[in-house]
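Quick caveat: nothing in here was measured; it's all calculated off a predicted structure. Residues: numbered from 1 along the sequence shown. Note that ligands are numbered from 1 as they come in the structure, with each ligand's atoms numbered from 1 the same way. Values reported hereafter were calculated over all heavy atoms of this structure, with side chains retained and with hydrogens, waters and symmetry mates removed.
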Amino acid sequence: MRFETKAIHTGLGIENPSKAIIPPISPSTIFEIDEKGRQEGDLHYTRLGNPNRLQFEHLIAALEGGSEAAAFASGIAAATAVLQALDPGDHIIVPEDIYAGNRKMIHGIMLRWGLNADFIDMTDPAKVEEHIRPETKLIWVETPSNPLMRITDIRKVSELAAERTIPVIADNTWPTPVNQLPLELGASLVLHSTSKYFGGHSDILGGAVITKEGNELFDRIRFNQQMGGAVPSPQDCWLLSRSTRTLAYRMRGHNEHAEKAALFLEQHPSIERVWYPGLPSHPQHETARKQMKGFGGMISFLVKGSGEDARKVVVGSRLIKRATSLGGVETTWEHRAGSEGEGSVSPPTLIRISIGLEHPDDLIEDLEQAFR
Ligand SMILES: *Cc1c(COP(=O)(O)O)cnc(C)c1O
């Protein structure tokens, strides 16, 4: 079955005894116990499992080509559950421009827990290899990275990790499985903030971890989901399944409109530099082409002048809203360093834009007038 078809049909039959075409929301926190007593796999208590969560987990696992998924209350809760599956003293390799929230979480929680981390530039797989130690237990990949849009070669990093049986996790929030399938390229785990393109309408907070195969590491992540307790509500899981049905078509629109906007920005005289993996001028464009089917809806660019000039541009738009985050149907942009705050590695003149699904000509007209 192809991606679009799987997105529409997967998960509907799970814990859906009425055979409703669209399964109902199951808000109940508790489920009746069999006369014979509680059996393995029975629904019992909603923190451990809920019909809507199982439906969504099944759906996202199928779309990433994984065997199982665990859904969380946010992307960062999913990331924390993965790192808490490691032991104090273990070492991880992380991109230096990892999603800013994950950097703060690692520094503020996981280093105190006893994890050791190297934050490095992962555009060169040889540099990743140099940082591997005997205690390295996880390599974290985020490609395209945020906000510098660096590309990591997932296949090469996975090959050198596999030689040492180190699992690789890929944060696939930006590309989504429509544009990139890390498990096919050799990664063991995929991470998502489903608050972004899966939700797609800026109204759901969620996260997920998908595993290629069942193993001890994923058992620990599942345990952290159920006993750490950062689980999503049945209502949010239901809404996420609903928006995921149209993910493939929304991503096609994001890909197409972002390419137009990137080409417009690249030739604009007020702009110093544009990073979009689909542009031939992107430093890792060839690697992006090898591993991505589309280049997504995110663009970063540098305005000529100062940080103040960049701030002026973002207040000049009429249609494009000033907001953080990404992946909604509406276009948003932000002065990234101001948004990330302390510890930001974003250049002061950098603007990050999430291209939505408005008509691209309206967007380009708004960009034109914002630069005047
Ligand atoms: C937003 C985001 C996260 C964190 O997800 P939340 O749902 O906000 O907790 C992690 N990784 C990337 C790449 C993101 O964009």
Side-chain angles (χ1 to χ4, degrees), residues 56 60 64 69-84 92 94-110 119 122 138 140-152 154 168-180 182 187 189-210 221 224-225 228-233 236-237 239-240 243-244 251 254 258 275 277 292 295-300 323-328 332-334 336 339-341 344-346 350 352-356:
F56 179 69
I60 195 169
E64 285 288 356
F72 290 85
S74 68
I76 223 168
T80 307
V82 169
L83 296 181
Q84 290 183 329
I92 58 172
V94 185
E96 68 184 353
D97 59 343
I98 188 171
Y99 168 72
N102 282 338
R103 186 177 58 243
K104 287 179 198 166
M105 175 271 288
I106 293 170
H107 277 292
I109 303 175
M110 297 316 303
F119 292 79
M122 290 202 180
L138 187 71
W140 191 289
V141 171
E142 185 182 325
T143 177
S145 75
N146 176 7
L148 299 180
M149 310 294 271
R150 288 179 180 157
I151 303 293
T152 300
I154 301 175
V168 170
I169 183 165
D171 184 335
N172 210 32
T173 300
W174 282 29
T176 81
V178 177
N179 288 333
Q180 179 170 281
L189 296 167
V190 165
L191 180 96
H192 274 287
S193 164
T194 52
S195 322
K196 315 294 168 56
Y197 290 106
F198 273 90
H201 298 72
S202 311
D203 55 8
I204 312 172
L205 193 69
V209 182
I210 300 99
I221 294 168
N224 291 347
Q225 175 202 34
V231 293
S233 71
D236 279 351
C237 291
L239 199 53
L240 261 178
S243 42
T244 302
M251 289 315 296
H254 289 293
W275 285 283
M292 300 180 81
F295 302 107
M298 297 301 294
I299 307 169
S300 291
T324 193
S325 197
L326 59 129
T332 54
W333 66 358
E334 64 179 336
R336 188 65 192 162
S339 168
E340 287 180 344
S344 168
V345 291
S346 299
L350 186 140
R352 195 186 83 175
I353 184 164
S354 166
I355 300 289

task = Apply ring pair (Phe, Tyr, Trp, His ring centres under 6.0 Å) to H201 and list each qualifying residue two or more places apart in sequence or on a separate chain.
result = none
So for ligand 1, is [X] a polar contact partner (N or O within less than 3.5 Å, distance only)?
| X | answer |
| --- | --- |
| E142 | no |
| A77 | no |
| I76 | yes |
| S195 | yes |

inquiry  = Distance check, rounded to the nearest 0.5 Å: M149 atom CE versus W174 atom CH2?
reply    = 5.0 Å
ask   = Atom CD1 in I299, atom OG in S354: separation rounded to 0.5 Å?
value =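 Between I299 CD1 and S354 OG, I get 9.5 Å after rounding to 0.5 Å.
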inquiry  = Under a 3.5 Å distance rule, please check whether N172 uses its side chain to pair with a backbone N or O of Q180 as donor and acceptor.
reply    = yes
task = Indicate the ring-plane relationship of F198 and H192, choosing parallel, tilted or perpendicular according to the 30° and 60° boundaries.
result = perpendicular
How close does the nearest protein non-hydrogen atom get to [atom], and which residue and atom is it?
| atom | answer |
| --- | --- |
| atom 10 (C) of ligand 1 | Y99 CD2, 3.5 Å |
| atom 6 (P) of ligand 1 | G75 N, 3.3 Å |
| atom 11 (N) of ligand 1 | D171 OD2, 2.7 Å |

query = Heavy atoms only: which of K196, H192, M105, M298 is nearest to atom 14 (C) of ligand 1?
reply =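 Result: the heavy atom closest to atom 14 (C) of ligand 1 is in K196.
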task = For G327 and ligand 1, answer yes if some heavy atom of the residue is under 4.0 Å from a ligand atom, otherwise no.
result = no
